[in-house]
Amino acid sequence: MTLLRAARPAARTADPGARARRELAHVLGQRKLFQKALPGVMHAFIFWGFLVLFPTIVEAMIAIVDDGRSLPLVGQAPWFLLLVDVFATLVAVGIAIAFYIRKVQRPDRFRGSHMEEADKILLAILAIVTTLLLWNATKIALGQTAHPSAEPVANALSNLFANGQPTETLERVFVWAHVLIVLGFLAYLPKSKHLHIITAAPNVYFAKNGPRGRLEPERIDLDAAEEDLRFGVATADDLSKKQLLDLFSCTECGRCQDVCPAWNTGKPLSPKLLIMDLRDAVVGVDPEAGEVHLQPLVPNAVTDQVVWDCVTCGACMRECPVDIEHVDTIVDLRRNLVMAESRFPNEAGTMLRGVEGPNENPWNQPASARTDWIGEIPVRVLEPGDPPPGYLFWVGCAGAFDERAKKTTQSVARLLNAAGVDWAVLGGRERCTGDPARRMGHEYLFQMLAEANAATFAEAEITKVVATCAHCFNTLANEYPDYGAQLEVVHHTELLSHLLAERKLLTTPGTSGTVTYHDACYLGRHNGRFDAPRDVLGSTGLTATEMERARERSFCCGAGGARMWMEEEGEARINDTRFAEAAGTGAETLAVACPYCFVMLDDAAKAAGSDMRVADVATLLAEASLGEPTDRP
């Protein structure tokens with residue numbers, strides 16, 4: 001607790017109404033737990049049972065002091081007796097389900113969890129409700145309950161004490177046993193993984209509002225005093241209050257591990273084990289006691305490889321029932337490794353040098369090459385002093401320099417022209433948004449790029465932006481406001497869907513074929529944009545089929561978190577795994593809506609020797625509406 005009190009604040013108090021609603025949904029309503037039906041029912045029975053049964057603890061303590069007395073108003077009320085009887089039974093049922101899941105089903109997500117400790121806790125909870133039911137049964141047998149019919153389970157159990165046993169003594173034994181087990185449970189709780197019973201509610205309340213894809217800014221002023229500079233998280237002392245709450249709130253359920261692309265392809269990273277290892281490193285740390293709290297978390301608690309394996313896809317955060325923010329903590333660890341220690345995978349250095357250098361892009365191409373994709377397409381390149389366009393088309397580094405992504409850029413340009421949209425590009429004045437540098441951990445480089453781009457937007461009076469890159473979209477929409485750029489940002493699939501709805505774009509009947517769509521993490525899961533790409537595909541005449549993991553549960557392409565510029569190790573490659581799932585649908589075309597996904601999945605298609613086509617949604621629409629020739633071989 002000393003560490004928690006001393007931790008830096010996380011500034012999470014805005015919009016208390018939304019936080020309260022999330023508290024009701026995630027904590028009281030157990031909404032995220034019901035993402036898995038049977039475990040959700042199990043946990044809900046136990047959680048709701050404890051809420052209902054809490055007054056019985058007070059009643060038992062009263063009964064120890066003054067036998068025969070009960071809580072005023074509710075103690076002998078038939079409705080309360082029925083609730084106690086029903087929910088005590090439901091808790092016991094929940095415990096049985098829990099043991100069935102753990103001992104019979106034995107899902108892989110529990111690998112690495114403290115199973116023996118969980119078993120002890122479950123048995124203690126079972127003992128609490130069992131002694132409660134038996135105590136109520138003895139009271140019925142002794143005639144101390146005014147409404148025995150309101151307690152069907154306890155009433156049935158009372159028959160065990162109707163044949164001359166020493167019921168009065170047993171009544172005392174059960175009430176004392178009940179109270180002592182409860183007190184022992186409460187004493188053990190702070191030292192166990194079930195501390196989440198206390199910390200989960202505040203952790204949910206202080207979770208980030210808005211899109212999960214937004215990272216908290218870390219303002220870096222190199223002219224500030226040395227003691228005021230912070231470069232991410234190095235030691236336990238650097239963790240924020242929210243990050244510490246995250247560590248103490250982990251239930252070890254493994255839902256995050258179950259969906260993690262890195263873990264599922266044989267990498268060392270498990271979001272669950274990451275949180276557990278960090279928690280083990282800070283538990284019991286006393287800032288007054290020597291230098292223990294100053295030991296670096298990487299590699300003492302988690303290895304460098306674990307930190308770099310993350311693709312920042314956010315699947316772990318979506319699944320977590322207590323709203324732990326794994327990605328934010330991982331990026332904070334990266335910030336320290338990159339900015340304070342210059343420690344990162346060698347191959348990522350090429351990307352950072354390109355972004356940090358005069359060309360300001362990961363491809364390290366000259367700014368003059370940003371318009372090479374235009375060719376003969378009528379495009380207005382915005383010059384200083386020009387009137388602002390209706391939309392600035394943010395081409396992005398991939399859209400300008402990658403040969404495959406250029407096809408998407410050209411398709412969008414032709415579609416915007418066909419629809420009569422007033423638009424323009426910045427050309428050589430566009431620079432990287434800084435997303436790959438930021439996810440890599442180079443916060444200061446991102447800060448410089450964001451401030452420079454924000455100044456360009458202000459000078460050009462830009463208010464509306466359309467972007468084809470999901471990463472650019474997320475950064476411009478959610479992170480640039482922290483640097484003064486207040487923009488209305490739309491993804492190209494959203495704008496195209498709108499133009500189709502207004503019949504400014506028309507498609508030609510007769511297009512045939514089958515398609516499956518891959519949800520980009522930074523468009524879908526992080527920002528909730530699922531329908532627009534599907535609406536556009538629906539207008540093309542192609543027959544769509546969904547992959548098993550789609551929409552909120554889409555599996556990453558493997559490019560996020562700057563992983564596009566790092567070598568991948570492990571049993572399998574993430575992009576190969578995702579492509580195999582797409583190919584398994586039998587569709588002829590794999591549609592994407594992000595250039596990173598395009599590159600990764602097209603590489604996987606080539607590696608697999610597949611004739612499945614990978615194409616952006618915009619290109620498929622251009623073929624259906626403008627009669628563009630297909631790029632299919």
Side-chain angles (χ1 to χ4, degrees), residues 258-267 311-315 318 398 402 404-405 407-408 411 468-471 491-493 511-526 529-561 563-564 568 570-621 623-624 630-633:
D258 210 27
V259 297
C260 175
W263 179 263
N264 276 277
T265 52
K267 315 293 191 297
V311 291
T312 69
C313 69
R318 184 196 177 275
D402 183 87
R404 287 166 288 191
K407 297 174 185 176
T408 303
S411 295
T468 57
C469 176
H471 299 261
H491 190 253
H492 72 288
T493 58
T511 304
S512 62
T514 54
V515 64
T516 188
Y517 172 67
H518 163 77
D519 288 280
C521 302
Y522 274 83
L523 181 64
R525 184 164 41 247
H526 277 312
R529 268 58 170 193
F530 301 108
D531 295 330
R534 289 171 170 82
D535 292 341
V536 175
L537 285 175
S539 72
T540 64
L542 297 169
T543 301
T545 180
E546 292 281 6
M547 284 182 264
E548 182 179 351
R549 290 181 286 197
R551 302 181 73 90
E552 295 92 343
R553 284 202 165 96
S554 178
F555 195 76
C556 186
C557 73
R563 289 295 321 178
M564 186 167 174
E568 185 175 346
E571 298 171 2
R573 295 179 63 86
I574 294 173
N575 60 334
D576 292 341
T577 301
R578 182 55 168 171
F579 179 77
E581 188 173 353
T585 65
E588 298 168 299
T589 301
L590 170 55
V592 296
C594 173
Y596 285 25
C597 300
F598 194 163
V599 170
M600 297 297 287
L601 295 173
D602 191 58
D603 282 348
K606 292 173 180 175
S610 173
D611 61 356
M612 187 179 199
R613 180 192 184 194
V614 181
D616 191 271
V617 169
T619 298
L620 298 175
L621 176 61
E623 292 170 3
T630 178
D631 61 2
R632 187 177 180 86

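The shown structure was predicted, so the numbers you read here are calculated from the model rather than taken from an experiment. Nothing fancy with the numbering, it's 1 onward along the sequence. What's counted below: heavy atoms across the whole structure, side chains too, no hydrogens, waters or symmetry copies.
Using a 4.5 Å heavy-atom cutoff, the side chains of S539 and L621 are in contact. Between E568 and V311 the shortest side-chain heavy-atom distance does not fall below 4.5 Å. At a threshold of 4.5 Å between non-hydrogen side-chain atoms, the residues D402 and F598 do not count as touching. Side-chain contact between L620 and L537: present, with at least one pair of heavy atoms (C-beta onward) separated by less than 4.5 Å. You'll find the side chain of T468 stays beyond 4.5 Å of the side chain of D616, heavy atoms only. Side-chain atoms of F579 and D603, non-hydrogen and from C-beta on, never get closer than 4.5 Å to each other. Inter-residue side-chain proximity for M612 and T516 is flagged as met; some heavy-atom pair is nearer than 4.5 Å. You'll find the side chain of T589 stays beyond 4.5 Å of the side chain of L542, heavy atoms only.
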Open item on the list: Could you walk me through whether N264 and E571 satisfy the side chain to side chain contact (heavy atoms under 4.5 Å, CB included) test, starting with their C-alpha distance in whole Å, then the side-chain angles of each, then the deciding distance to 0.1 Å, before giving a yes or no?
Closed with: CA-CA 9 Å; N264 276 277; E571 298 171 2; over 6 Å; no
TODO: Test side chain to side chain contact (heavy atoms under 4.5 Å, CB included) on I574 and R563 and set out the steps.
DONE: CA-CA 10 Å; I574 294 173; R563 289 295 321 178; over 6 Å; no
Open item on the list: Using the rule given for side chain to side chain contact (heavy atoms under 4.5 Å, CB included), can you reason through V614 versus K606, listing the C-alpha separation, both sets of side-chain angles and the distance that settles it, and then say yes or no?
Closed with: CA-CA 10 Å; V614 181; K606 292 173 180 175; over 6 Å; no
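Using a distance-only test at 3.5 Å, with no hydrogens or angles considered, a donor-acceptor pair links the side chain of K267 to the main chain of A572. Checking side-chain atoms of N575 against main-chain N and O of M600 turns up a donor-acceptor pair under 3.5 Å. Put simply, the side chain of T265 gets close to the backbone of A262: a donor and an acceptor are under 3.5 Å apart. Listed for the H491 side chain is no donor-acceptor partner under 3.5 Å among the backbone atoms of P533.
A salt bridge (Lys or Arg N to Asp or Glu O under 4.0 Å) with D602 is found for exactly one of R613, R578, K407, R404, namely R404. When each of R534, R525, R529 is tested with D519 by the rule side chain to side chain donor-acceptor pair (under 3.5 Å), just one qualifies, namely R534.
Salt-bridge check for R553 with E548: failed, with every basic side-chain N at 4.0 Å or more from each acidic carboxylate O.
Between Y596 and C469, the closest heavy-atom pair is CE1-SG, 4.2 Å. Here the closest heavy-atom approach between residue F530 and residue E552 is recorded as CE2-N, 3.5 Å. Contact record, A559 with C556: N-SG, 4.3 Å, taken as the closest heavy-atom pair. For A405 against A398, the heavy-atom pair with the smallest separation is CB-O, 3.2 Å. Between T514 and A587, the shortest heavy-atom contact is OG1-CA, 3.3 Å. Minimum heavy-atom separation, T312 to G560: OG1-C, 3.8 Å.
D258 pairs by the side chain to side chain donor-acceptor pair (under 3.5 Å) definition with K36, not counting sequence neighbours.
Between atom NE2 of residue H471 and atom SG of residue C597 there is a gap of 6.0 Å, rounded to the nearest 0.5 Å.
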